[in-house]
Amino acid sequence: MAACSSLLFPLLLVLLTFSDSSVKVIGLGVGINYGQIANNLPSPTRVSYLLRSLNISRVKLYDADPNVLVAFSNTNVDFIIGLGNEYLQNMTDPIKAQNWVQQRVQPYLSRTRITCITVGNEVFKYNDHQSWSNLLPAMQTVYNTLVNLGLDKQDIGEYLHGILNFHAQVKSPFLINAYPYFAYKDSPNEVPLDYVLFQPNQGTMDPVTNLKYDNMLYAQVDAVYSAIKAMGHTDIEVRVSETGWPSKGDENEVGATPENAGLYNGNLLKRIEQGQGTPAKPNIPVDIYVFALFNENLKPGPASERNYGLFYPDGTPVYNIGVQGYLPELVYSSASKNNGFLVCITLVSLRENSVAGDDSNLRERGKFRYDKISEKLFAGDGGGDIVVAKTVKT
Ligand SMILES: *[C@@H]1O[C@H](CO)[C@@H](O)[C@H](O)[C@H]1NC(C)=O
Ligand SMILES: *[C@@H]1O[C@H](CO)[C@@H](O)[C@H](O)[C@H]1NC(C)=O
């Protein structure tokens with residue numbers, strides 16, 4: 001589905017970088033999206049066992065579910081928690097923001113490692129101007145609340161600057177949700193399956209950079225790097241907050257099979273284990289949150305939407321990716337500490353094939369611009385814009 005971009009802050013990168021290096025030694029090195037739109041999932045406590053058995057220590061939630069946060073008390077799992085778009089309006093009100101943080105975040109901080117709060121989710125995907133205008137104030141208010149409550153332990157001055165200039169210039173790293181699956185599904189005759197599944201293939205050459213790509217995901221990541229570079233920033237990291245492949249789909253959803261999903265996620269994990277970077281950023285290991293932990297039986301939309309999970313709700317793997325998880329019946333706990341945390345933002349959804357050097361003609365430095373009519377995200381303003389990626393309605 002997609003790439004949504006998120007504004008992150010240097011602090012988060014530092015935290016993630018640290019946790020990356022420790023994760024790599026002992027485990028899979030990927031994070032996972034823990035979606036819960038289902039009525040048959042195992043209890044969060046059992047899930048904490050499952051993740052532990054998989055050596056997964058980074059989890060992204062779409063909300064701040066207290067049941068999950070409690071279940072992961074005293075574990076070394078880092079959480080990104082989310083404020084959905086329905087909260088944007090209220091979060092512009094400092095009192096309501098403070099209430100939310102005090103009720104939904106603060107009580108869990110001493111035992112659960114919450115490192116990041118996302119504000120809004122793919123906000124610019126929806127033609128809702130009220131949400132667009134609430135986004136920045138909501139981010140600022142949530143952020144200020146964390147600072148006022150003394151929950152942010154860092155010097156914020158330089159980061160706040162980035163928030164304030166958010167609309168003018170995207171200064172901070174992007175989290176992208178990148179789904180080569182959609183590019184393949186939409187054009188199965190043009191997009192080589194091996195290229196999207198990380199299988200041996202001829203690859204493609206980026207005519208602008210002369211870099212060779214043997215898979216689409218890396219090209220998508222580098223396309224974003226390229227766009228960011230065009231805006232004058234070479235110091236911003238791109239991270240993949242969601243990627244995955246459905247194991248099942250409707251008749252018209254070409255490629256949604258357990259075999260392909262197993263190849264996609266299995267091959268991806270191998271590359272992550274090797275600490276691979278992209279061709280444009282060979283020294284920066286690609287950072288991934290796989291979508292998703294479980295199949296979610298209540299998700300609306302085409303059948304694929306309910307079949308992104310690595311696991312069935314009973315803990316059995318949907319397909320073999322070479323790792324064995326363990327979902328116990330028992331309760332578990334141990335010890336840990338909390339880190340400071342941050343406010344992130346999810347902007348937009350990118351779903352199409354992209355070429356890393358797409359922005360070669362980009363002359364102006366500036367912000368990403370979202371064109372709601374064409375539903376395209378552009379890097380920079382004015383004439384000569386080059387499409388970074390196109391969004392797709394769901
Ligand atoms: C997790 O790490 C342990 C300890 O290094 C290792 O024995 C085990 O195989 C790993 N499990 C997975 C699923 O990677
Ligand atoms: C926003 O605030 C109003 C008034 O306090 C409340 O009724 C509503 O439930 C809040 N919305 C959300 C999503 O929490």
Side-chain angles (χ1 to χ4, degrees), residues 1-2 4-9 12 33-39 41 44 59-73 79-152 163 166-167 175 177 241-242 289 291-292 294 296-301 305 338 341-349 370 372 391 393-394:
M1 12 220 152
C4 56
S5 39
S6 291
L7 191 63
L8 285 181
F9 299 88
L12 179 64
N33 284 277
Y34 185 180
Q36 297 188 86
I37 308 178
N39 60 6
L41 296 184
V59 173
K60 183 162 145 276
L61 292 180
Y62 292 87
D63 54 18
D65 183 354
N67 297 320
V68 173
L69 296 177
V70 166
F72 282 80
S73 291
F79 276 89
I80 295 178
I81 61 173
L83 273 162
N85 295 342
E86 69 276 17
Y87 282 99
L88 286 178
Q89 171 124 40
N90 284 5
M91 288 302 119
T92 62
D93 175 346
I95 305 279
K96 287 179 181 164
Q98 178 166 330
N99 285 343
W100 185 83
V101 171
Q102 284 181 325
Q103 287 163 17
R104 306 300 298 270
V105 184
Q106 213 168 6
Y108 310 102
L109 280 178
S110 60
R111 288 180 298 273
T112 305
R113 291 164 58 148
I114 300 169
T115 59
C116 178
I117 300 175
T118 60
V119 178
N121 183 34
E122 301 188 351
V123 171
F124 294 145
K125 192 163 94 180
Y126 309 99
N127 191 12
D128 174 355
H129 291 247
Q130 192 63 48
S131 288
W132 296 4
S133 61
N134 284 334
L135 188 56
L136 180 61
M139 281 182 75
Q140 290 168 323
T141 309
V142 171
Y143 194 79
N144 290 337
T145 302
L146 298 175
V147 173
N148 291 341
L149 292 174
L151 299 178
D152 186 290
I163 302 177
F166 169 69
H167 281 298
L175 289 183
N177 293 359
S241 52
E242 281 186 25
Y289 282 81
F291 186 85
F294 295 112
E296 296 171 77
N297 67 348
L298 298 183
K299 283 199 95 167
E305 289 292 328
N338 171 58
F341 59 108
L342 299 153
V343 182
C344 318
I345 182 174
T346 307
L347 287 176
V348 75
S349 175
Y370 179 74
K372 67 184 190 316
T391 65
K393 275 193 189 131
T394 38

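Position 1 is the first residue of the sequence; numbering continues from there. Note that ligands are numbered from 1 as they come in the structure, with each ligand's atoms numbered from 1 the same way.
- Side-chain contact check for Q89 versus K96: every heavy-atom pair is 4.5 Å or farther apart.
- Residue contacts with ligand 2, taken as heavy atom pairs separated by less than 4.0 Å, do not involve Q89 at all.
- In this structure, atom 7 (O) of ligand 2 has its sub-4.0 angstrom surroundings free of protein heavy atoms.
- Side chain of T115 to main chain of F79: a donor-acceptor pair is present (N/O by atom type, distance under 3.5 Å, no hydrogens or angles).
- From the protein, the heavy atom lying nearest to atom 5 (O) of ligand 2 is K96 CE, 3.4 Å.
- For the residue pair Q98 / N148, no side-chain donor-acceptor distance below 3.5 Å is found, with atom types taken as modelled.
- Interface atoms of ligand 2 facing E86, defined by a heavy-atom separation under 4.0 Å, are 13 (C).
- Heavy atoms only, all atoms of each residue included: F291 and E296 are closest at CZ-OE2, 3.9 Å.
- Among N90, L83, L88, the residue whose heavy atom lies closest to atom 12 (C) of ligand 2 is N90.
- At the shortest separation from atom 14 (O) of ligand 2 among protein heavy atoms lies Y87 CE2, 3.5 Å.
- Between the side chain of T112 and the backbone N or O of L69 there is at least one donor-acceptor pair closer than 3.5 Å.
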